[in-house]
Amino acid sequence: MYRSHTCGELRQEHVGQEVTLAGWVHRRRDHGPLIFVDLRDRYGITQVVFDSQSPEVHAIAEESRSEFVLQVRGLVRSRPPEAHNPELATGDIEVTATSATVLNPARTTPLYIAKEGGEDEALRLKYRYLDLRRERMQRNMILRHRVIKFMRDFLDAEGFLEIETPILIKSTPEGARDYLVPSRVHPGSFYALPQSPQQLKQLLMVAGYDKYFQVARCFRDEDQRADRQPEFTQLDMEMSFVEQEDVITLIERLFIQLCAAVVPHKRVLTPFPRLSYVEAMERYGSDKPDLRYGLELINLSDLLTATPFNVFKGALEQGGQVKGLRIPGCGNYTRKQLDELIEMVRGSGGKGLAWAALPADGGDVRSSFGKLLAPGEMAAIIERMQAQPGDLLLIVADKASSVATALDKLRRLFAERLNLADPDLLHFSWVLDFPLLDWNPDENRWDAVHHPFTAPHAEDLPLLASNPAKVRAQAYDLVLNGYEVGGGSIRIHRRDVQQRIFELLGISEETAQSQFGHMLEAFEYGAPPHGGIAPGIDRIVMLLADESTIREVMAFPKTQQAADLMTNAPSEVDERQLKELHITLR
RNA sequence: GGACCCGUGGUGUAGCGGUUAACAUGUGGCCCUGUCAAGGCCAAGAUCGCGGGUUCAAAUCCCGUCGGGUCCGCCA
């Protein structure tokens with residue numbers, strides 16, 4: 001063994017013991033004849049004292065630099081009365097070195113390990129093994145471990161079985177773009193990496209494993225975001241003989257206990273509030289609203305049906321909406337600040353932004369559109385929005401989806417600027433009653449909003465024929481502080497219903513047979529009613545860790561362009577490899 | 001596919017038409033026995049992501065490109 005103790009465990013009670021430590025030089029304070037070295041490992045930091053009275057040992061400290069790996073044998077001593085360091089867990093003691101070895105020297109690191117923050121993220125990603133030495137990443141990795149451990153223990157106690165499913169599976173064109181793996185044995189054929197183990201876990205239900213879970217790696221070849229990586233981890237779950245309410249109840253218990261165990265300083269509101277998709281979109285312009293603050297969208301459409309203002313009139317005539325946001329205390333925004341907001345809305349595909357500012361002293365309203373309104377309309381808007389002197393009113397007129405995108409973005413921007421979101425509140429909620437289908441005008445068919453195995457509400461079944469847009473899905477999203485942290489549904493378990501859905505999705509009999517034949521066939525051999533959910537572990541850990549990207553809670557994440565800066569993946573391969581795989585580049 | 005932001009010694013910043021390209025930290029050397037971001041003195045280290053253009057003159061202005069990030073589209 002290289003060490004008798006870790007760098008985080010020595011206390012007063014160890015005083016007098018001869019110990020051996022091994023770790024990295026965190027900091028070094030050279031006083032000439034006396035050198036202090038803070039020796040670090042993932043358990044903590046211990047101060048080691050090198051005295052020139054033992055010259056050979058002192059020489060080791062003299063040549064040591066940051067991040068050298070040292071092995072030190074020495075005596076645990078109580079520090080002199082004036083020299084205790086309350087900042088350190090080991091601050092009451094120190095180790096006087098009696099012998100020392102440099103296990104490995106280190107070049108000057110491109111990142112400071114002892115001092116964090118500020119550097120280009122590309123540098124952190126290139127030298128991730130150095131970044132991971134730092135306290136922030138270690139804290140996040142430990143939290144992530146604890147979260148996953150808690151989930152496994154909780155589900156084990158509930159009678160769930162963790163079952164692994166394959167990574168090389170069949171590609172199906174539904175949903176996100178697949179990552180493909182060429183087959184050497186079958187020229188011209190490809191495996192896909194799972195976007196999620198969706199079909200496999202449903203087949204496990206058919207097999208009678210009525211409570212399944214898996215800490216599952218998922219792959220989606222789509223463009224990245226702060227909360228989206230090409231590969232990510234879900235707590236994939238499925239249960240038989242359950243209804244929506246059963247899944248919701250279980251998950252609430254899981255997360256309430258999880259948060260109490262791993263982030264006891266944070267508050268959780270229980271039970272988790274529920275809102276319908278329609279309500280979420282109407283009030284927040286988002287299907288994953290941050291409920292830690294109000295700042296709700298206000299619908300003005302009905303006030304402006306006869307307005308002469310072309311922007312509003314045009315939007316309403318084309319079936320769109322006029323909605324607004326009341327920003328308290330921002331009525332003093334300058335023209336420049338307002339132009340930036342307009343630019344932001346345009347940058348996100350919006351047509352523009354109308355604004356009205358109410359001076360704090362109660363003077364005349366400044367606005368970009370007041371002159372163009374009919375008499376009384378501005379007053380009606382102010383009344384509907386309950387605007388106070390000093391407020392800023394932001395109004396968007398467009399088709400409903402664009403209004404939602406723009407106002408959701410503004411809502412989140414101002415929540416941040418005005419510090420409205422309590423960082424220690426975990427405001428979980430459920431968003432329910434998603435539409436099952438979404439009309440795709442380009443392809444002239446319906447698309448599955450969730451995925452094609454999602455069950456419709458039983459009472460909406462007749463609408464499948466008459467008004468598919470109105471059919472609600474038995475689908476549920478778990479939302480936390482403005483992020484979707486889990487989505488699930490009750491699945492179709494009857495072949496006839498599944499076939500009906502495939503028809504609406506424009507999937508032909510032949511395609512259904514070739515793509516999903518195994519599912520349809522399985523449903524003929526006694527498939528139980530079942531449903532599940534898949535909480536996203538990266539996003540949950542990110543929120544529990546107070547981070548703003550999931551990269552901070554992944555050991556080796558990729559860049560926005562899906563590259564690994566440390567290993568330089570993806571990379572070109574040998575001509576020979578391509579040949580074996582029957583692949584020609586063009 | 002699109003919009004916006006960033007790119008200066010090892011690291012983080014300043015400089016934004018003419019500077020010996022500044023500062024901090026780290027690095028090398030010397031001094032120092034109680035520091036914990038130790039301190040003091042000295043030194044080395046960047047031609048400003050890359051390419052092109054404008055100009056008497058470019059880190060500084062323009063165009064392109066590469067890399068990183070945020071967002072829209074895409075994606076649950």
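These numbers come from a predicted model, not from an experiment. Below, chains carry the letters A, B, ... as their sequence lines are ordered, and counting in each starts from 1.
Note on Glu87(A): nothing from the nucleic acid sits closer than 4.0 angstrom, heavy atoms only. Base engagement by Asn85(A) is indicated by at least one non-hydrogen atom pair under 4.0 Å involving a base atom. Nucleic acid contact for Ser196(A): none, since no nucleic acid atom lies under 4.0 Å from a heavy atom of the residue. Counting any heavy atom pair closer than 4.0 Å across all strands shown, Leu565(A) reaches sugar-phosphate atoms only and no base atom. Among the atoms of the strands shown, none is found under 4.0 Å from any heavy atom of Lys115(A). Within 4.0 Å of Ala176(A), counting heavy atoms only, lie sugar-phosphate atoms of the nucleic acid but no base atom. Heavy atoms of Arg177(A) sit nowhere under 4.0 angstrom from any nucleic acid atom. Residue-level contact check: Gln560(A) touches the bases, meaning some heavy atom is under 4.0 Å from a base atom. Heavy atoms of Pro80(A) sit under 4.0 angstrom from at least one base atom. Nucleic acid contact for Gly536(A): none, since no nucleic acid atom lies under 4.0 Å from a heavy atom of the residue. Nucleic acid contact class of His451(A) (heavy atoms, under 4.0 Å, all strands): none. Within 4.0 Å (heavy atoms only), Arg346(A) reaches no atom of the nucleic acid at all. Counting any heavy atom pair closer than 4.0 Å across all strands shown, Arg77(A) reaches a base atom. At the heavy-atom level, Arg124(A) lies nowhere under 4.0 Å from the strands shown.
Of the nucleotides present, C31(B) is the one that pairs with G39(B) by Watson-Crick or G-U wobble criteria, both distances under 3.5 Å. With a cut-off of 3.5 Å on both Watson-Crick or G-U wobble distances, the partner of A46(B) is given as none. C61(B) is paired with G53(B) under the Watson-Crick or G-U wobble criterion, all donor-acceptor distances under 3.5 Å. With a cut-off of 3.5 Å on both pairing distances, A14(B) has no Watson-Crick or G-U wobble partner at all.
The ring pair (Phe, Tyr, Trp, His ring centres under 6.0 Å) check on His14(A) picks up His5(A), with sequence neighbours excluded. For Trp430(A), the side chain to side chain donor-acceptor pair (under 3.5 Å) partners two or more places apart in sequence, or in a different chain, are Glu252(A). With sequence neighbours left out, His450(A) forms a ring pair (Phe, Tyr, Trp, His ring centres under 6.0 Å) with no residue at all. Partners of Asp92(A) by side chain to side chain donor-acceptor pair (under 3.5 Å), not counting sequence neighbours, listed by chain and number: His84(A). Taking the ring pair (Phe, Tyr, Trp, His ring centres under 6.0 Å) definition, one finds that Phe255(A) meets it with Phe428(A), sequence neighbours left out.
Asp221(A) places no side-chain N or O within 3.5 Å of a backbone atom of Tyr179(A) that could act as its donor or acceptor partner. Under a 3.5 Å cut-off, the side chain of Ser286(A) and the backbone N or O of Lys288(A) do form a donor-acceptor pair. When atom types are taken as modelled, the side chain of Arg73(A) and the backbone of Thr98(A) share no donor-acceptor pair closer than 3.5 angstrom.
The shortest side-chain heavy-atom distance between Gln195(A) and Cys218(A) does not fall under the 4.5 Å cut-off.
Between G52(B) and G2(B), the two P atoms lie 25 Å apart (nearest whole Å). Nucleotides G45(B) and G28(B) have their C1' atoms positioned 11 Å apart, rounded to a whole Å. For the P atom pair drawn from G69(B) and G26(B), the interatomic distance equals 29 Å after rounding to whole Å. Across A57(B) and C4(B), the matching P atoms stand 31 Å from one another, rounded to whole Å. Nucleotides G18(B) and G10(B) are separated by 25 Å at their P atoms, to the nearest Å. G68(B) sits 16 Å from G12(B) when the P atoms are compared, rounded to a whole Å. Straight-line distance between the C1' atoms of A44(B) and G7(B): roughly 25 Å, to the nearest whole Å. On the P atoms, A46(B) is 31 Å away from C56(B), given to the nearest whole Å.
Note on Arg42(A) versus Glu9(A): no salt bridge recorded, every NZ/NE/NH1/NH2 to OD/OE distance being 4.0 Å or above.
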Under 3.5 Å, which donor-acceptor pairs do the side chains of residues 477-486 of chain A form with other protein atoms, sequence neighbours left out?
{"residue": "Asn481(A)", "atom": "OD1", "partner": "His427(A)", "partner atom": "N", "Å": "2.8"}
{"residue": "Asn481(A)", "atom": "ND2", "partner": "Leu425(A)", "partner atom": "O", "Å": "3.0"}

Less than 3.5 Å apart, which donor and acceptor atoms pair up between the side chains of residues 395-405 of chain A and the rest of the protein, not counting sequence neighbours?
{"residue": "Asp398(A)", "atom": "OD1", "partner": "Lys351(A)", "partner atom": "NZ", "Å": "3.0"}
{"residue": "Thr405(A)", "atom": "OG1", "partner": "Ser401(A)", "partner atom": "O", "Å": "3.0"}

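The stretch residues 394-404 of chain A has no heavy atom under 4.0 Å from RNA chain B, so no residue of it qualifies as close. Using a 4.0 Å cut-off on heavy atoms, the residues of residues 43-57 of chain A that approach RNA chain B are Gln47(A), Asp51(A), Gln53(A), listed by number. Residues of residues 213-222 of chain A having a heavy atom closer than 4.0 Å to RNA chain B, listed by number: Arg220(A), Glu222(A).
The cationic atom of Arg417(A) (NZ for Lys, CZ for Arg) lies less than 6.0 Å from the six-membered ring centre of Phe414(A) and within 45° of the ring axis.
Checking each of Val345(A), Leu297(A), Leu295(A) against Leu407(A) for a side-chain contact (heavy atoms from CB on, under 4.5 Å) leaves exactly one that passes, namely Leu297(A).
Summary of the strand contacts: Glu94(A) and Gln195(A) both lie near RNA chain B, and taking for each the nucleotide with the nearest heavy atom, the more 5' one is attributed to Glu94(A). Take the nearest nucleotide of RNA chain B for Asp408(A) and for Tyr277(A): the residue whose nucleotide is more 5' is Asp408(A).
Nucleotides of RNA chain B with any atom under 4.0 Å from a heavy atom of chain A span, from 5' to 3', G1(B) to A76(B).
Using the six-membered ring where Trp is involved, His451(A) and Phe453(A) have ring planes that are tilted, between 30° and 60° apart.
Within the structure, salt bridge (charged side-chain N to carboxylate O under 4.0 Å, His left out) pairs that include any residue of residues 405-416 of chain A comprise Asp408(A)-Arg412(A) (at least two apart or interchain).
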